[in-house]
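Each ligand, and each atom within it, is numbered from 1 in the order the structure gives. As the structure is a prediction and not an experimental result, all values here were calculated from the model. Along the sequence shown, residues are numbered consecutively beginning with 1. Hydrogens, waters and symmetry mates play no part in the numbers below; they use all other heavy atoms, side chains included.
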Amino acid sequence: MEEIPVKVAVRVRPLLSKEILHNHQVCVRLVPNAKQIIIGKDHVFTFDFVFGKNSTQEEVYAVCIKPLLVSLTEGYNATVFAYGQTGSGKTYTIGGDHIASVTMDERGIIPRAIQELFHHISEHRNINFCVRVSYIEIYKEELRDLLDLETSVKELHIREDEKGNTVIIGAKEFQVECADEVISLLGSGNAARHTGTTQKNEHSSRSHAIFTISICQKQSAEYQKNTDAAQDPIASKFHFVDLAGSERVAKTGNTGERFKESIQINSGLLALGNVISALGDPKRKNVHIPYRDAKITRILKDSLGGNAKTVMITCISPSSLDFDESLNSLKYANRAK
Ligand code: ADP
Ligand code: MG
């Protein structure tokens with residue numbers, strides 16, 4: 001059987017202490033051993049992976065991400081998205097922020113993947129690895145280079161090279177030698193994410209953040225001497241994507257500039273949903289995949305579908321006050337299956 005190109009996970013976070021304090025009720029439960037989730041009285045959804053309120057960061061990493069890291073080292077591209085309304089646990093799960101302050105157990109996906117990658121590298125001395133990172137934000141359909149704020153929007157262009165690889169012309173890529181270097185770049189990118197913006201959460205909930213680790217590997221010269229066939233270098237990359245909040249416009253009552261902003265953000269999420277859904281279509285060989293509809297799907301084109309491995313983690317609040325948004329997120333995720 002052909003592999004499904006996109007796997008879909010759902011993660012329900014626990015009630016936060018302030019929600020408990022305000023007596024929020026829980027409206028989501030898991031069906032034991034069934035990868036199913038029930039919201040409200042009777043909306044049942046089935047996904048590839050379902051994580052409940054007691055799920056650990058380690059578990060999410062081991063189940064969803066480890067296989068992607070393995071395929072990265074085998075030369076395939078990989079992408080993980082966190083989708084969901086603001087406050088549902090996207091950043092917590094992806095692990096892109098507050099890296100310095102969280103405990104080891106609470107570290108999310110990015111630091112775990114970095115650690116495992118460098119562990120892999122240290123165990124394969126016969127291969128020369130080159131590791132580079134970049135960090136891009138999409139805000140109102142414009143790109144920002146979080147590793148170099150001097151780069152203006154107009155200098156960044158998404159292009160496809162002759163081999164079909166997507167590249168962002170003008171984006172800074174830093175070559176790194178160890179996990180700590182990556183973590184420190186991630187930290188400075190996060191700081192940049194919030195500069196020039198008035199309210200930190202406002203901004204980050206309205207932009208997509210794409211942290212990318214690219215690797216290139218070739219047999220070391222010494223190793224090649226002892227083997228007949230010289231191998232071409234293998235390049236692959238892993239995108240970690242903290243998507244903009246999926247909450248709809250109506251609820252926040254946005255007007256004017258804010259309203260336009262929400263529409264643009266939703267157009268990215270909409271385009272992404274359409275691409276993922278087209279990829280999951282059994283007749284997809286004949287189906288047009290609408291990558292060109294948004295910046296996010298253009299950037300990820302070579303890392304979604306084809307030989308690439310993709311996991312979408314839909315994050316959900318358990319509170320009954322968030323019922324509408326959670327139901328919407330589950331419907332979106334369901335379309336992606
Ligand atoms: P988002 O990025 O979707 O806006 P956050 O990741 O910032 O949401 O999460 C909102 C709050 O919930 C944060 O305080 C975060 O620490 C907490 N949180 C999210 N997911 C979990 C979880 N699985 N376990 C414990 N706390 C969580
Ligand atoms: Mg966030």
Side-chain angles (χ1 to χ4, degrees), residues 9-22 24 26 28-30 37 47 49-65 80-112 135-139 144 146 186-187 189-194 197 199-211 239-248 251-252 261-262 265-266 268-269 272 296 311-319 321-322 324-330 332-333:
V10 168
R11 184 181 203 186
V12 186
R13 67 157 167 78
L15 279 177
L16 305 175
S17 32
K18 61 175 185 218
E19 293 170 333
I20 295 171
L21 204 66
H22 288 97
H24 287 208
V26 165
V28 183
R29 64 205 155 90
L30 307 194
I37 183 164
F47 295 102
F49 313 108
V50 175
F51 299 100
K53 64 174 165 44
N54 296 324
S55 63
T56 62
Q57 297 282 58
E58 164 59 26
E59 206 180 326
V60 172
Y61 179 80
V63 173
C64 294
I65 308 303
V80 55
F81 298 106
Y83 179 92
Q85 76 176 117
T86 300
S88 60
K90 295 182 297 297
T91 304
Y92 179 88
T93 297
I94 288 283
D97 219 343
H98 311 297
I99 349 243
S101 58
V102 298
T103 64
M104 288 298 266
D105 282 347
E106 277 212 295
R107 287 172 318 148
I109 288 169
I110 296 179
R112 286 171 197 269
Y135 198 5
I136 296 287
E137 175 181 71
I138 306 174
Y139 184 62
R144 280 217 311 167
L146 295 174
L186 187 60
N190 287 334
R193 211 176 162 194
H194 309 305
T197 63
Q199 279 170 294
K200 182 179 151 138
N201 288 333
E202 278 279 313
H203 182 80
S204 60
S205 69
R206 286 164 197 285
S207 61
H208 309 295
I210 307 175
F211 184 74
H239 296 292
F240 302 86
V241 187
D242 193 347
L243 290 167
S246 59
E247 57 273 12
R248 285 151 316 150
K251 196 173 165 188
T252 36
E261 203 178 287
S262 317
I265 287 153
N266 287 343
L269 293 177
L272 182 64
I296 182 104
V311 172
M312 178 167 104
I313 305 178
T314 303
C315 297
I316 301 278
S317 150
S319 164
L321 292 189
D322 292 319
D324 289 348
E325 292 298 344
S326 297
L327 181 59
N328 273 327
S329 294
L330 291 170
Y332 183 98

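By the 4.0 Å heavy-atom criterion, S88 is counted among the residues contacting ligand 1. Ligand 1 is approached by Q85 to a heavy-atom distance shorter than 4.0 Å.
Those atoms of ligand 1 with a heavy atom of R11 less than 4.0 angstrom away are 23 (N). The atoms of ligand 1 that sit less than 4.0 Å from any heavy atom of K90 are 1 (P), 2 (O), 3 (O), 4 (O), 6 (O), 8 (O). Ligand-side atoms of ligand 1 in range of T86: 4 (O), range being under 4.0 angstrom from any heavy atom.
From the protein, the heavy atom lying nearest to atom 24 (N) of ligand 1 is P14 CD, 3.3 Å. Of all protein heavy atoms, the one lying nearest to atom 12 (O) of ligand 1 is L16 CD2, 3.3 Å. In this structure, the protein non-hydrogen atom closest to atom 19 (C) of ligand 1 is G89 CA, 3.5 Å. Regarding atom 6 (O) of ligand 1, its nearest protein heavy-atom neighbour is Y92 N, 2.8 Å. Nearest non-hydrogen protein atom to atom 10 (C) of ligand 1 is G87 O, 3.7 Å. Ranking protein heavy atoms by distance to atom 7 (O) of ligand 1, first place goes to T91 CB, 4.3 Å.
Looking at V63, I37, V12 one by one, the single match for side-chain contact (heavy atoms from CB on, under 4.5 Å) with F51 turns out to be V63.
Between D242 and ligand 1, no N or O atom pair is found at a separation short of 3.5 Å. Residue contacts with ligand 1: T93 is placed with no nitrogen or oxygen under 3.5 Å of a nitrogen or oxygen of the ligand (distance criterion only).
Within the 3.5 Å criterion, the main-chain N or O of T56 finds a donor-acceptor partner in the side chain of E59.
For the pair L272/L243, a side-chain contact is recorded, criterion being any heavy-atom separation below 4.5 Å from C-beta on. For the pair L30 and K53, the minimum side-chain heavy-atom distance is 4.5 Å or more. Annotation: side chain of R11 is not in contact with side chain of F49 (no heavy-atom distance under 4.5 Å).
Atom SG in C64 sits 4.5 Å away from atom CD1 in I313 (nearest 0.5 Å).
Among the atoms of S205, none of the N, O or S atoms falls under 2.8 Å from the Mg ion (ligand 2).
In this structure, S329 has no side-chain hydrogen bond (donor to acceptor under 3.5 Å, both in side chains) partners at least two apart in sequence or on a different chain.
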query: Checking side-chain contact (heavy atoms from CB on, under 4.5 Å) for the pair R112/R107: CA distance, chi angles, key distance, verdict?
result: CA-CA 7 Å; R112 286 171 197 269; R107 287 172 318 148; 4.1 Å; yes
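Using cut-offs of 30° and 60° for the angle between ring planes, the F240 and F211 rings count as tilted.
Inside a 4.0 Å radius of atom 14 (O) of ligand 1 there is not any protein heavy atom. Remark: atom 17 (C) of ligand 1 lies closer than 4.0 Å to at least one protein heavy atom.
Between the side chains of S319 and E19, no donor-acceptor pair is found at a separation under 3.5 Å.
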